[in-house]
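These notes are about the structure you will find just below.
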Amino acid sequence: MLSVDKQMEIIRENTVEILPEGELEKKLAKAIATNTPLVVKQGFDPTAPDIHLGHTVGLRKLRQFAELGHRVIVIVGDYTAQVGDPSGRSATRPQLAIEEVEANATTYLQQFSKVMAPLKFEVRRNGEWFAGMSFANILRLAGKMTLARMLEREDFTKRWKAEAPISIHELLYPLMQAYDSVAIKADVEIGATEQKFNLLTGRQIQEAYGVEQQVALTLPVLEGIDGLQRMSKSIGNYIGVSEPPREIFGKVMSIPDRLIVPYFQLVTNYTQAQIEKIDAAMKAGENPVSYKKELGRVIVGMYYDAQAAKEAQGEFERVVVEKGLPDEIPTVVFTSSESNPWLPRVMADNNLTTSSGAAIRLIDAGAVYLDGKRVSNAKEAYIVDHEPHLLKFGKRSFSYLKWRIE
RNA sequence: GGAGGGGUUCCCGAGCGGUCAAAGGGAACAGACUGUAAAUCUGUCGGCGAAGCCUUCGGAGGUUCGAAUCCUCCCCCCUCCA
């Protein structure tokens, strides 16, 4: 194992806080002295089927711990997912059915491996200890916390002040997460800054159960591609690690320019020196687009390979920059009882738009091209023969429309 | 249990008998511009093949020529008292 100082240097990269001050150093020293790796934990609730770049911020930190020879345990929160983490939430989450959680957990595990490969890590589901927990034990756990302390946390305070509902089960969430730390005897728990309360509750509950207290390590929250809110599946501003390369690349290109540097920091392996160079170049007036493309290539490369990254960029340049055609265009075969199918109807019936009205509006806005020619009049837009016709609207919607002969 | 406030279109939020398919903001989509699916500006944003019609303002009834707006009952949320 590396020395305490060397380890701390690596661990400190990108971290916001390590609480309490100095305790991690002590734990590391002890780990080295006794040759016992630390138990490092982060929990993920399978509330949605995909891991996105936001999750990878923590996972990458776990990776570093694994590389340093520590024992990494990923908690799949199959039980906590049924409550929903109130952190950063202004409303109660919908409670998920166990089957849904199960399905999500399965894809989570596959995707964790993708981020962690080839390093080893353990996976525990918190259902292991919660599924069979007796009511008496739940009461015992609940007895370790007071309402006042629970309400200290910002999201509850906000909701309280806004006169928004807070369900009782939501109060249990931090206790459940904390109990995970008791169950696995965590030495370190990782989470985003908004997790600080939950992480510190872990310390409190561990103490109450006579377990050595963990160190709380917080990481920056990754902003979503909209640049407005944290990256989240439910907001839809995310980049999933299992998305197709061109999707990942395109989404990277859509982030606001000011997110380029934070993304390099939080989701790539770039060194601080490399990132500073990029930052300086952009501040000196260099066009950010080349760095954004680099970022897109790097990220695609991490979850696919360099070849896929190149292709994704090529596709982007061809389609978006040069307004050319993508290499795969789906063919939509439709039938019609009319002698001349009306284009807005065809688009709506084949789910290219939500309604014919929406299609008419797109045409009126000058967004729709048929065989390379802008469609100018929605009322007189017809498909006249059974040949495939190239339909384009917006920057990304391409399809061949083919009227099937009946 | 008692008293009061509230539930509006994807989200926030105005409207409080006709001029309401419902202000404003956000998101989203599109156009222009661009070495970006960035920024900026502009437009669109319930459905129906013009007009006009149809379906929406927690749910169900009712009053009225006319209801998001008034009444009744129900459901849900919040506050205060207990």
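Labels below follow one simple rule: chain letters A, B, ... track the order of the sequence lines, proteins then strands, and each chain is numbered from 1.
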(Q) With rounding to the closest Å, how many angstrom separate the P atoms on B/G7 and B/G15? (A) 10 Å
Q) Considering only the P atoms, how many Å lie between B/C70 and B/G5, rounded to the nearest integer? A) 12 Å
Q.
Within the 3.5 Å criterion, strictly below it, is a donor on A/Q110 or A/T107 matched to an acceptor on the partner's side chain?
A. no
Q. Should A/R318 and A/D327 count as an ion pair when the cut-off is N to O under 4.0 Å?
A. yes
Q | A/Y382 side chain to A/S339 backbone, donor-acceptor under 3.5 Å | A | no
Q: Could you check how far CZ of A/F393 sits from P of B/G43, rounded to whole Å?
A: 22 Å
Q | Euclidean distance, atom CD of residue A/Q229 to atom C1' of B/A28 [Å, nearest integer] | A | 13 Å
Q: Provide, to the nearest angstrom, the distance between the CZ atom belonging to A/F249 and the C1' atom belonging to B/U36.
A: 9 Å
Q | Separation of atom CZ in A/R396 from atom P in B/U36, rounded to whole Å | A | 16 Å
Q. With a non-hydrogen cut-off below 4.0 angstrom, is A/R345 in contact with a base, only sugar-phosphate, or nothing?
A. sugar-phosphate
Q. Of all the choices, B/U36, B/G49, B/C77, which nucleotide is nearest to the side chain of A/E338 once you look at every atom?
A. B/G49
**Q.** Non-neighbouring partners of A/E102 that pass side chain to side chain contact (heavy atoms under 4.5 Å, CB included), sequence neighbours left out
**A.** A/D78, A/R125
Q.
With the threshold set at under 4.0 Å for non-hydrogen atoms, list the residues of residues 352-367 of chain A touching RNA chain B in residue-number order.
A. A/S355, A/S356, A/G357, A/R361, A/L362, A/A365, A/G366, A/A367
Q: Name the nucleic acid region contacted by A/Y382, choosing base, sugar-phosphate or nothing; use a 4.0 angstrom heavy-atom cut-off, strictly under.
A: base
Q) Would you say B/U36 has OP1 or OP2 under 4.0 Å from some side-chain N or O of A/R297? A) no
Q. Hey, does A/R246 reach any base, or is it just sugar-phosphate, or nothing, if we go heavy atoms under 4.0 Å?
A. base
Q: Considering only atom P, compute the distance from B/G31 to B/A38 and round it to an integer number of Å.
A: 12 Å
Q. So what's B/C80 paired with, Watson-Crick or G-U wobble, going by both distances under 3.5 Å?
A. B/G2
(Q) From CD1 of A/I383 over to P of B/G49, roughly how many Å is that when rounded to an integer? (A) 16 Å
Q: In whole angstrom, give the distance that lies between atom CD of A/E294 and atom C1' of B/U36.
A: 14 Å
Q. Can you check side-chain hydrogen bond (donor to acceptor under 3.5 Å, both in side chains) on A/N269 and A/R60, steps first, answer last?
A. CA-CA 9 Å; A/N269 292 320; A/R60 290 164 43 71; 2.9 Å; yes
Q | Rounded C1' spacing from B/U8 to B/C76 in Å | A | 15 Å
Q) Looking across every strand, which nucleic acid part, if any, lies under 4.0 Å from A/G394 by heavy atom: base, sugar-phosphate, or nothing? A) sugar-phosphate
Q: For A/I168, look at atom CD1 and say whether over 12 heavy atoms of other residues, nucleotides or ligands are found less than 6.0 Å away.
A: no
Q) Is there a Watson-Crick or G-U wobble partner for B/G24 with both distances under 3.5 Å, and if so, which one is it? A) B/C12
Q) Heavy-atom count around A/E21 CD within 6.0 Å, excluding the residue itself: above 12? A) no
Q.
Tell me whether A/W342 and B/G49 count as stacked here, given that the ring centres must be under 5.5 Å apart and the planes must differ by less than 30 degrees.
A. yes
Q: Could you list the residues that satisfy side-chain hydrogen bond (donor to acceptor under 3.5 Å, both in side chains) with A/Y270, not counting sequence neighbours?
A: A/E294
Q.
Both A/L228 and A/S397 contact RNA chain B. Taking the nearest nucleotide for each, which residue is further toward the 5' end?
A. A/L228
